[in-house]
K.L.:
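This structure is in structure tokens; I'll ask about it shortly.
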Amino acid sequence: MAAQPGPLTQWPWHWMGSFKYLVFAPAALHTAHRVVTSGWGDMDTAYAAMLPALLLRMIHNQIWISLSHHQTARRKHIIVDRGLEFEQVDRERSWDDQIILSGLFFYLGYAAIPSTRFMPMWETKGAIIMALLHIGPVEFLYYWFHRALHHHFLYSRYHSHHHASIVTEPITSVVHPFAEILAYFLLFSIPMLIPIFMGYGSILGIVLYLAYIDFMNNMGHCNFEMLPKWIFQVFPPLKYLMYTPSYHSLHHTQFRTNYSLFMPFYDYIYNTMDKSTDELYERTLIGKEETPDVVHLTHMTTLQSTYHLRVGIASIASKPSDNPVWYMWMIWPMAWLSMVLAWVYGSAAFVVESLKLKKFKMQTWVIPRYNFQYGLIRERESINKLIEMAILDADGRGVKVFSLGLLNQAKQLNGSGELFTHKYSKLGVRLVDGSGLATAVVLKSIPSDTKRVFLCGGSSKVEQAIATALCERGVQVIMNQKKEYDMLKLRLPDTSIAYLKFSSDETPQIWIGDIIDDKQQMGAPKGATFIPTSQFPLKKIRKDCTYLSNPAMKIPEAMQNVHTCENWLPRRVMSAWRVAGMVHALEGWDMHECGDDMMDIEKVWSAAVKHGFTPLSKE
């Protein structure tokens, strides 16, 4: 929202929220009636091309979003080294409004201009006229309109909404108040309407012109430089006809320079080109490789989790994954396709996120595999190979700490990472499974006056550490699975064995475990508290019981560039396993935490709190 919102700031369908696409309902009903009464043969090419053109624009924009997020996570050619936060993601969630508006204008134009029904697929004369009209009137009028928008009166009421994004994203280009977008549509309609009225309009001409606008808008608002220097050396005048991401980025940081739309020649003519333009372009184009201090290795979970990655759909990734959107069913085919492509061609981990805390740099890498694949015995060797390659890559780059997230640290897969420390005894990077901090988080979430707890399972490293710590405190730990009970009993010191009890009848109020299934939950007393010890959430089936989050902590306010949710966790909350890797690096600890080795529980907890990580309250 602008600093002082003016008239027509809000979009007409803002109140409809995610159901705003229902504004197409009248057009859809009209089309259906037309097909039923006249058949598909009555459908001319121009009318039939409207919906595919809109879908192509959506896909085109999403490709730029994904590309931009991947490249800025790599950070080599980044332009503005500042973080992106949830506030900007929420503000730019409405980027598709302008596509909806263009669809409505297409439909109204088709209805109001009869000649559109007879437009050919292509007309060369019309394309030439369209290009000349863009280079002339459109670029000229936009330049002066843009300068007017930077006058205090219009800037405070309209354009400041766009400039709230200092760090630009591809979709920042189309995030404007409604009145401003209307002005842009009027401007861009000049090259589309005049050829139609002259009798030289064409379907491909209009589609390609819109694709050009989208391409230049998205490219120019990327926060990384991509245009190679040789294209300007081969054709020097191109610098006056095509801007670069760094060129327009200066407009968002300096505000009073580089006003041009796509072709900078008016900035040269009117002396408004920023003097640092060429230097910034060359510096960011060369770029620099950045070595993170910490790498957290995770993987996809469900098919939908593809969209929840930072390189996926921003509006989905900015919310917990258990908060589904209504249109998810419409993009299932793409989820399946992504899974197949990842399975067949995913040969290495890839970067999806870069964070910063104080002077420490952190990245998240993703193994291109899903939960179900980790359960396939035949896939274990290939998955371990992917993990091993990622560890060696990080080691070669000089990464200090490498934390294993989700199933990448599964005991049956690689012994909680011990497979790699045994194979590579001289690893410089420290492997961390985060079990010490996860144990500490669970222990801190148990009420201090608790006398008895029920342990479901007991075979995992964290479960055993929790049971051992509770027994040493004098808290009775009750188990009903004989095998796990016998294993745990062997691990306990003689002074604590008395507090471990095997019983199938007792049901305390506190239930702990990696997996607490439906049957076990139904056997718990009313008002029981379920505390998960794994990285995956419990299925909540009891409304009369309390469910705590997976072991997780709130991150410090100083941590920058956090604008996605970690799987099912709330905003600015991270799993204890991930936090543990950060704390390990911040403290400069020089040991691995994997296999049977575990950090001192109190030590790692105190270190986490010292660095600003705080406990997550009950859900």
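Being a predicted model, the structure only gives us computed values, none of them experimental.
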K.L.:
N567 and L406: side-chain contact (heavy atoms from CB on, under 4.5 Å), yes or no, with the steps?
P.N.:
CA-CA 10 Å; N567 298 315; L406 298 180; 3.9 Å; yes

K.L.:
Between K444 and E602, is the closest basic N to carboxylate O distance under 4.0 Å?
P.N.:
yes

K.L.:
Going through the checks in order, is the side-chain contact (heavy atoms from CB on, under 4.5 Å) test met by F360 and V401?
P.N.:
CA-CA 11 Å; F360 280 81; V401 174; over 6 Å; no

K.L.:
Write down the atom of S575, the atom of L569, and the distance for their closest heavy-atom approach.
P.N.:
N-CD1, 3.4 Å

K.L.:
Within this structure, what is the CD1-CG distance for the pair I78 and N223, rounded to the nearest 0.5 Å?
P.N.:
5.0 Å

K.L.:
Could you list all the salt bridge (charged side-chain N to carboxylate O under 4.0 Å, His left out) pairs where at least one residue sits in residues 432-443, not counting sequence neighbours?
P.N.:
D433-K461

K.L.:
Do the ring planes of H159 and Y155 sit parallel (below 30°), tilted (30 to 60°) or perpendicular (above 60°)?
P.N.:
perpendicular

K.L.:
Would you say M16 has more than 12 foreign heavy atoms packed within less than 6.0 Å of its CE?
P.N.:
yes

K.L.:
Can you pull out every salt bridge (charged side-chain N to carboxylate O under 4.0 Å, His left out) where at least one residue sits in residues 560-578? Sequence neighbours excluded, please.
P.N.:
E85-R572, D90-R571, E353-R578, E566-R578

K.L.:
Under the salt bridge (Lys or Arg N to Asp or Glu O under 4.0 Å) test, which residues partner K358, sequence neighbours left out?
P.N.:
none

K.L.:
Once salt bridge (charged side-chain N to carboxylate O under 4.0 Å, His left out) is applied, what residue pairs with a partner in residues 305-322 remain, sequence neighbours excluded?
P.N.:
none

K.L.:
Donor-acceptor pair, distance only, cut-off 3.5 Å: does the side chain of H563 make one with the backbone of L84?
P.N.:
yes

K.L.:
Give a yes or no on whether the backbone of M591 and the side-chain of H584 come within a donor-acceptor separation of less than 3.5 Å.
P.N.:
yes

K.L.:
Apply side-chain contact (heavy atoms from CB on, under 4.5 Å) to F372 and M339, showing your working.
P.N.:
CA-CA 11 Å; F372 78 92; M339 183 270 291; 4.0 Å; yes

K.L.:
Provide the closest heavy-atom pair for A390 versus W365 in the form atom of the first, atom of the second, distance.
P.N.:
O-CZ3, 3.4 Å

K.L.:
What's the separation between atom CD in Q373 and atom CH2 in W343, rounded to the nearest 0.5 Å?
P.N.:
5.0 Å

K.L.:
Does some side-chain heavy atom of R82 sit less than 4.5 Å from a side-chain heavy atom of Q560?
P.N.:
no

K.L.:
State, yes or no, whether a side-chain contact exists between K603 and W589 at a heavy-atom distance under 4.5 Å.
P.N.:
yes

K.L.:
Start with the C-alpha distance between H69 and E169, add both sets of side-chain angles, then the distance that settles side-chain hydrogen bond (donor to acceptor under 3.5 Å, both in side chains), and finish with yes or no.
P.N.:
CA-CA 8 Å; H69 285 177; E169 294 262 275; 2.5 Å; yes

K.L.:
Over all heavy atoms of both residues, which pair between P245 and M226 is shortest? Give the atoms and the distance, please.
P.N.:
CG-CE, 4.1 Å

K.L.:
Would you confirm whether H70, through its side chain, and V351, through its main-chain N or O, come within 3.5 Å as a donor-acceptor pair?
P.N.:
yes

K.L.:
Does CH2 in W332 sit with more than 12 non-hydrogen atoms of other residues, nucleotides or ligands closer than 6.0 Å?
P.N.:
yes

K.L.:
Do E463 side-chain atoms and S459 backbone N/O form a donor-acceptor pair below 3.5 Å?
P.N.:
yes

K.L.:
Compare every heavy atom of I367 with every heavy atom of I387, then report the nearest pair and how far apart it is.
P.N.:
N-CD1, 4.0 Å

K.L.:
If only atom types and distance count, is the side chain of R157 paired as donor or acceptor with the main-chain N or O of Q4 below 3.5 Å?
P.N.:
no

K.L.:
Give the minimum heavy-atom separation between W577 and S403, together with the two atoms involved.
P.N.:
O-CB, 4.1 Å

K.L.:
Please check if the side chain of Q88 supplies one atom and the backbone of V167 the other of a donor-acceptor pair under 3.5 Å.
P.N.:
yes

K.L.:
Is a donor on one side and an acceptor on the other found under 3.5 Å between the side chain of H299 and the backbone of L407?
P.N.:
yes

K.L.:
Drop me the distance from M362's CE to K400's NZ, to the nearest 0.5 angstrom.
P.N.:
11.5 Å

K.L.:
Not counting sequence neighbours, which residues clear salt bridge (Lys or Arg N to Asp or Glu O under 4.0 Å) with D597? List them please.
P.N.:
none

K.L.:
Quick one: do the Y370 and T306 side chains pair a donor with an acceptor below 3.5 Å?
P.N.:
yes

K.L.:
Quick check: closest heavy atoms across P170 and N218, and the distance to 0.1 Å?
P.N.:
O-OD1, 3.2 Å

K.L.:
Test your reading of the model: is there a side-chain donor-acceptor pair from N561 to the backbone of S354, 3.5 Å cut-off?
P.N.:
yes

K.L.:
Please enumerate all residues that pass side chain to side chain contact (heavy atoms under 4.5 Å, CB included) together with T168, with sequence neighbours excluded.
P.N.:
T172, H221, H252

K.L.:
How many angstroms lie between atom CG of L280 and atom CG of L250, to the nearest 0.5 angstrom?
P.N.:
5.0 Å

K.L.:
Could you verify whether a donor N or O on one side chain and an acceptor N or O on the other, from S460 and D514, lie under 3.5 Å apart?
P.N.:
yes

K.L.:
Is it the case that Q464 and T468 place a side-chain donor and acceptor less than 3.5 Å from each other?
P.N.:
no

K.L.:
Let me see the working for E225 and R283 under side-chain contact (heavy atoms from CB on, under 4.5 Å), right down to the final yes or no.
P.N.:
CA-CA 9 Å; E225 191 54 76; R283 175 163 51 83; over 6 Å; no

K.L.:
Going by an N to O cut-off under 4.0 Å, is there a salt bridge joining D96 and K20?
P.N.:
yes

K.L.:
Please answer whether the main-chain N or O of S68 pairs with a side-chain N or O of T72 as donor and acceptor at a distance below 3.5 Å.
P.N.:
yes

K.L.:
How many angstroms lie between SG in C565 and CD1 in I316, if you round to the nearest 0.5 Å?
P.N.:
12.0 Å

K.L.:
State whether K610 and E587 are salt-bridged, where the test is any N-O pair (Lys NZ or Arg NE/NH1/NH2 against Asp/Glu carboxylate O) under 4.0 Å.
P.N.:
yes

K.L.:
Determine whether a donor-acceptor pair (N or O, by modelled atom type, separation under 3.5 Å) exists between the side chain of Y21 and the backbone of I100.
P.N.:
no

K.L.:
Mind checking the CD-CD1 spacing from Q520 to I541? Nearest 0.5 Å is all I need.
P.N.:
10.0 Å

K.L.:
Just checking, any donor-acceptor pair under 3.5 angstrom between side chains of H77 and Q71?
P.N.:
no

K.L.:
So, Y547 versus Q521: side-chain donor-acceptor pair below 3.5 Å or not?
P.N.:
yes

K.L.:
In plain terms, say whether R57 and D214 are close enough for a salt bridge, that is, a side-chain N and a carboxylate O under 4.0 Å apart.
P.N.:
yes

